[in-house]
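For reference, positions follow the sequence shown, starting with 1.
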Amino acid sequence: MLKIKKLSDIPIRDACEVWNQGFVDYYVNMQMTVSQFTFRLGWDELSPDYSFIAYYNGLPAGIILNGINELNEKRGAWNGGTAVAFSFRGKGIAKKLMESTVALYNQENVDTASLEAFTVNERAIRLYESFGYRVADELVFLKKTESKENNPDSMLEMPGYSIHHGLAHDIRELSFYQHDAPWKTLWNFIRNGESIVMKDENEKAAAYALFQKKNGNIILYQCAADERRPNKPELFQYLIDYLQQTESHIISTYNLPGKNQFLINILEKAGFKQEFADQKVPLKQVWMKKEIP
């Protein structure tokens, strides 16, 4: 009646179909064509060998996508989406998909597994908690429109510091780069990602922003400063002011960790507001992690 198969063993069209059916009533639009689905697998390093499809009475009924890679000298796994088609819900399919996933993580010697879930999706959160996941942080989505500041004198002065433009990978070797962060905010998963690094007069990196320009707007994925710097708030303020000098009309954050309260306070004072989904649900997620002995 219920069979769990690896994605690598089934037609890709089945996988895309059940993905779309499973997310048809989701908080944000997750619908994809087969080409878009295939591209996402590659870009997000979600492996067909690590992902599973549930068939119920021969019909594709549920899906879970997984990726595994080396993160800071440890094997990390990410659940890139779990969904069950509406007509097959209530049959324990999500639980079976999670059982297969956790067994795979153990076989692959994964050290830490992570995922994100909308805070309002209490049922999913309870499922993940039953498999040992715990909430590590809350992730926020903030947005500011008409971000460009016309007056260059409004920039916060930071004598002794300089700005260096680069690509996303340019920040990967910084001692304070945030390796322990949600999967899709890591430098290698940001398509055409860019970075700006603040350096002091000794050419030592003090802070950075990791972002993406998309459709004329800016999406901020990470913003971090060296913990040894006593002027962290000022460094954050300068980076945000600098980004607001761009030609972009909208600046938004993606999965910004709530623990980065210094930065959130600066963004809110600058006029950034909470984003909402189409159903007026706050765009806010929990970041969940599971340590695997």
Nearest atoms (heavy-atom pairs only) where L97 meets G62:
CD1-C, 3.8 Å
NE2 on H249 to CG on N215, rounded to 0.5 Å
12.5 Å
Would you say I163 and M198 make side-chain contact, with heavy atoms under 4.5 Å?
yes
Donor + acceptor pair across side chains of N255, T185 (<3.5 Å):
no
Might you confirm whether atom CZ of F262 has over 12 heavy atoms from other residues, nucleotides or ligands at distances under 6.0 Å?
no
Would you say Y56's side chain and K91's backbone share a donor-acceptor pair under 3.5 angstrom?
no
Same cluster or not: I64 versus W183, using hydrophobic residues (I, L, V, M, F, W, Y) connected whenever any side-chain heavy atoms lie under 4.5 Å apart?
no
May I ask you to check whether Y208 and F176 place their ring centers less than 6.0 Å from one another?
yes
Could you tell me if the side chain of L243 sits less than 4.5 Å from the side chain of I196, heavy atoms only?
yes
N231 side chain near M158 side chain, heavy-atom distance below 4.5 Å:
yes
Suppose clustering is done on Ile, Leu, Val, Met, Phe, Trp and Tyr with side-chain heavy atoms closer than 4.5 Å. Which residues sit in the same group as W43?
F39
Is Y26 linked to F88 within one hydrophobic cluster, defined over Ile, Leu, Val, Met, Phe, Trp and Tyr using a side-chain heavy-atom separation of less than 4.5 Å?
no
Look at atom CZ of R13 and say whether more than 12 heavy atoms of other residues, nucleotides or ligands are closer to it than 6.0 Å.
no
CD-CD distance between Q21 and Q31, expressed to the nearest 0.5 angstrom:
9.5 Å
Under a 4.5 Å cut-off applied to non-hydrogen side-chain atoms, are I12 and L41 in contact?
yes
Under the side chain to side chain contact (heavy atoms under 4.5 Å, CB included) rule, what do V18 and D14 come out as? Steps first, then yes or no, please.
CA-CA 6 Å; V18 74; D14 280 6; over 6 Å; no
Could you check whether atom CD of E73 has more than 12 heavy atoms from other residues, nucleotides or ligands sitting under 6.0 Å from it?
no
Does the side chain of L127 reach to within under 4.5 Å of the side chain of S130, using non-hydrogen atoms?
yes
Side-chain heavy atoms nearer than 4.5 Å, only ILVMFWY residues, links allowed to pass through others: does that put I93 and F52 together?
yes
Between K184 and E116, is there a side-chain heavy-atom distance shorter than 4.5 Å?
no
Could you go through the salt bridge (Lys or Arg N to Asp or Glu O under 4.0 Å) check for K204 and D226 one step at a time?
CA-CA 10 Å; K204 296 289 187 181; D226 189 334; over 6 Å; no
Can you check side chain to side chain contact (heavy atoms under 4.5 Å, CB included) on H179 and R172, steps first, answer last?
CA-CA 8 Å; H179 293 276; R172 69 189 189 280; 5.8 Å; no
Say whether V281 and F23 are linked into one hydrophobic cluster, either directly or through other cluster members, by side-chain heavy-atom distances under 4.5 angstrom.
yes
Mark yes or no for whether W19, through its side chain, and M30, through its backbone, hold a donor-acceptor pair below 3.5 Å.
yes
Test of ring centre spacing under 6.0 Å for Y27 and F118:
yes
Are any of the side-chain heavy atoms of F211 and I251 separated by less than 4.5 Å?
no
Do side-chain atoms of R89 reach the backbone of V84 as a donor and acceptor pair under 3.5 angstrom?
yes
Worked verdict on K6 versus D49 for salt bridge (Lys or Arg N to Asp or Glu O under 4.0 Å)
CA-CA 6 Å; K6 286 190 176 182; D49 288 327; 5.7 Å; no
For W287 versus S114, what's the shortest heavy-atom pair and its separation?
NE1-CB, 3.6 Å
Would you tell me whether N265 and Q261 have side-chain atoms, one donor and one acceptor, within less than 3.5 Å of each other?
yes
Distance-only, no hydrogens or angles: does the Q178 side chain make a donor-acceptor pair with backbone N or O of Q222 under 3.5 Å?
no
I'd like to know if the side chain of S51 and the backbone of N66 have a donor-acceptor N/O pair within less than 3.5 Å.
yes
So, do K284 and Q274 sit near enough that their side-chain heavy atoms are less than 4.5 Å apart?
yes
Evaluate the ring planes of Y254 and F141, with Trp represented by its six-membered ring, and classify them as parallel (under 30°), tilted (30 to 60°) or perpendicular (over 60°).
perpendicular
Taking atom NZ of K290 as the centre, report whether more than 12 heavy atoms of other residues, nucleotides or ligands fall under 6.0 Å from it.
yes
Heavy-atom count around E122 CD within 6.0 Å, excluding the residue itself: above 12?
no
Note: L7 and I53 closest approach over all heavy atoms is CA-CG1, 4.2 Å
Is the NZ or CZ atom of K5 positioned over Y55's six-membered ring, under 6.0 angstrom from the centre and within 45° of the axis?
yes
Which is it for E129 and R126 under the salt bridge (Lys or Arg N to Asp or Glu O under 4.0 Å) test, yes or no, and what are the steps along the way?
CA-CA 5 Å; E129 287 177 335; R126 288 197 300 270; over 6 Å; no
Heavy atoms only: give me the nearest V28-A277 pair and the separation to one decimal.
CG1-CB, 4.4 Å
Quick check: does any side chain N or O of D44 sit under 3.5 Å from a backbone N or O of L46, one acting as donor and the other as acceptor?
no
Gap separating the CD1 atom of I219 from the CG atom of L256, nearest 0.5 angstrom
13.0 Å
Please find the pair of heavy atoms, one from E275 and one from L142, that lie closest to each other, and give the distance.
OE2-O, 3.9 Å
Verdict with supporting geometry, I264 and T253, side chain to side chain contact (heavy atoms under 4.5 Å, CB included):
CA-CA 10 Å; I264 291 174; T253 69; over 6 Å; no
Using the rule that two of Ile, Leu, Val, Met, Phe, Trp, Tyr join whenever any of their side-chain heavy atoms come within less than 4.5 Å, decide whether V24 and V34 are in one cluster.
no
Using only atom types and a distance under 3.5 Å, with no angle test, would you say the side chain of S195 pairs donor to acceptor with the backbone of L167?
yes
Other residues, nucleotides and ligands only: do more than 12 of their heavy atoms fall within 6.0 Å of CG on N57?
yes
Specify the closest pair of heavy atoms between Q212 and R191, including all atoms of both residues, with the distance to one decimal.
NE2-O, 2.9 Å
Is it true that a side-chain atom of N188 and a backbone atom of H169 form a donor plus acceptor pair closer than 3.5 Å?
no
L210 vs I190, side chain to side chain contact (heavy atoms under 4.5 Å, CB included): CA-CA, chis, key distance, verdict:
CA-CA 9 Å; L210 177 61; I190 302 172; 3.6 Å; yes
Any chance you could measure N79, atom CG, to M288, atom CE, to the nearest 0.5 Å?
10.5 Å
Rounded distance (nearest 0.5 Å) linking atom CD of Q36 with atom SG of C16:
8.0 Å
Find the distance between CD1 (I292) and OG1 (T112) and round it off to the nearest 0.5 Å.
7.5 Å
Does R75 offer a backbone N or O that forms a donor-acceptor pair with the side chain of N109 under 3.5 Å?
no
